[in-house]
Amino acid sequence: MRIGVYPGSFDPMTNGHLDIIERGAEVVDKLIVGVLVNSTKHPMFNLDERIRILTAGTGHLANVEILPFHGLLVDFLREQDAKLVFRGLRAVSDFEYELQMAQANRNLYPEMETLFLCTNVQYSFISSTIVKDILRHGGSIQHFVPESAIKIIDDIRRNQDG
Ligand code: COD
């Protein structure tokens, strides 16, 4: 069975992430979305919330599993018996960091490969940072995150405010 891992912070998941998940899930038997436990010091959504949002957003995909990971990505790959990592590229500015990470990861785990999927042009401007900014200012995230995840995000935000 060919297992792929799509790792990230997903704070929160966006339509850009969903596009990569859907396309990645087409080329492997199982796609694990690996959610980094300590993504930043001050995430807007905690681990449990990020997983709930991803679970709602990917409910239509039978071969996708959402799992938390901490520590090194390569250790998570070994644990999951996976050798393929998916990453999304939005712009040239993503490339330098992605190349560095792919090369460092392969140095640590030579059997693995990183597969880059170019963003769908309609999602190229979307990022978790922009979604958080819109949320902080009370705007609509309707065109930025999967419809199935919006209610979960709204519920979480209401609880955070309360
Ligand atoms: N369209 C397409 N792709 C997109 C879009 C979009 N609109 N938005 C984001 N993406 C892609 C990103 O390019 C990335 O590939 C992926 O989605 C996830 O993005 P984020 O921002 O949620 O996640 P990152 O980039 O913060 O994740 C970083 C990791 C968690 C993968 C990384 O820090 C990591 O592996 N950490 C563990 C420690 C480790 O092993 N470090 C590396 C040692 S070299």
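Numbers here simply count residues along the sequence, with the first being 1. Both ligands and their constituent atoms are indexed starting at 1 by order of listing.
- Atom-to-atom distance recorded for Ile53:CD1 and Ile66:CD1 is 11.5 Å, nearest 0.5 angstrom.
- Of the N or O atoms in Ser124, none lie within a sub-3.5 Å distance of an N or O in ligand 1.
- Asn105 places a side-chain N or O within 3.5 Å of a backbone atom of Met101 that can act as its donor or acceptor partner.
- The Tyr123 neighbourhood of ligand 1 comprises atoms 6 (C), 7 (N), with distances under 4.0 Å to a heavy atom of that residue.
- Within 6.0 Å of CZ in Phe95 there are 12 or fewer heavy atoms belonging to other residues, nucleotides or ligands.
- A 4.5 Å side-chain heavy-atom check between Arg106 and Met112 finds at least one atom pair inside the cut-off.
- At a 3.5 angstrom cut-off on N or O pairs, Leu73 counts as close to ligand 1.
- Here Tyr97 has side-chain heavy atoms under 4.0 Å from ligand 1, and that is the only part of it that gets that close.
- Using a 4.0 Å cut-off between heavy atoms, Ser9 contacts ligand 1 through both its backbone and its side chain.
- Ranked by closest heavy atom to atom 19 (O) of ligand 1, the top entry among Glu98, Gln100, His17, Met13 is His17.
- In terms of protein heavy-atom proximity, atom 5 (C) of ligand 1 is nearest to Arg90 CD, 3.5 Å.
- Under the side-chain contact (heavy atoms from CB on, under 4.5 Å) rule, Phe76 has a single partner from Ile32, Val85, Leu36, which is Ile32.
- Scanning all protein heavy atoms for the shortest distance to atom 41 (N) of ligand 1 gives Leu72 CD2, 4.4 Å.
- Annotation: Asn105 places no N or O atom under 3.5 Å from an N or O atom of ligand 1; distance criterion only.
- Between atom CG of residue Asn15 and atom CD1 of residue Ile126 there is a gap of 5.0 Å, rounded to the nearest 0.5 Å.
- Shortest contact from atom 38 (C) of ligand 1 to any protein heavy atom: Gly71 O, 3.4 Å.
- In this structure a side-chain-to-backbone donor-acceptor pair under 3.5 Å is missing from Glu26 to Arg23.
- At a heavy-atom distance under 4.0 Å, only side-chain atoms of Ile20, from C-beta outward, approach ligand 1.
- Of the possible donor and acceptor atoms, one in the side chain of Asn63 sits under 3.5 Å from a partner among the backbone N and O of Ala25.
- Residue contacts with ligand 1: Gly8 is placed with no nitrogen or oxygen under 3.5 Å of a nitrogen or oxygen of the ligand (distance criterion only).
- Summarising the local packing, CD of Glu96 is surrounded by 12 or fewer heavy atoms from other residues, nucleotides or ligands at distances under 6.0 Å.
- Of all protein heavy atoms, the one closest to atom 15 (O) of ligand 1 is Gly88 N, 2.9 Å.
- Looking at Phe10 next to ligand 1, an N or O pair under 3.5 Å apart turns up.
- Neither the backbone nor the side chain of Phe86 comes within contact range of ligand 1; no heavy atom lies under 4.0 Å.
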Step-by-step side chain to side chain donor-acceptor pair (under 3.5 Å) determination, Arg157 to Gln160: CA-CA 5 Å; Arg157 290 292 290 163; Gln160 285 174 343; 2.9 Å; yes
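- Looking at Lys151 and Asp155, a side-chain N of the basic residue comes within less than 4.0 Å of a carboxylate O on the acidic one, giving a salt bridge.
- Residue contact check: Ile126 has heavy atoms under 4.0 Å from atoms 6 (C), 7 (N), 8 (N) of ligand 1.
- For the pair Ser127 and ligand 1, the shortest N or O to N or O distance does not fall below 3.5 Å.
- Atom 44 (S) of ligand 1 has as its closest protein heavy atom Ala104 CB, 3.4 Å.
- A donor-acceptor pair under 3.5 Å is formed between the side chain of Ser140 and the backbone N or O of Gln142.
- At distances below 3.5 Å, at least one donor-acceptor pair connects side-chain atoms of Ser128 with backbone N or O atoms of Pro12.
- Counting only heavy atoms of the protein, atom 32 (C) of ligand 1 lies nearest to Met101 SD, 3.9 Å.
- Within the 4.0 Å heavy-atom cutoff, Cys118 does not count among the residues contacting ligand 1.
- At a heavy-atom distance under 4.0 Å, atoms from both the backbone and the side chain of Arg87 approach ligand 1.
- Closest to atom 1 (N) of ligand 1, if we only count protein heavy atoms, is Thr119 OG1, 2.9 Å.
- Summary of contacts: the protein heavy atom closest to atom 11 (C) of ligand 1 is Tyr6 OH, 3.5 Å.
- In terms of N/O distances under 3.5 Å, ligand 1 is not approached by Thr14.
- The CZ atom of Arg52 lies 10.5 Å from the CD1 atom of Ile153; values are rounded to the nearest 0.5 Å.
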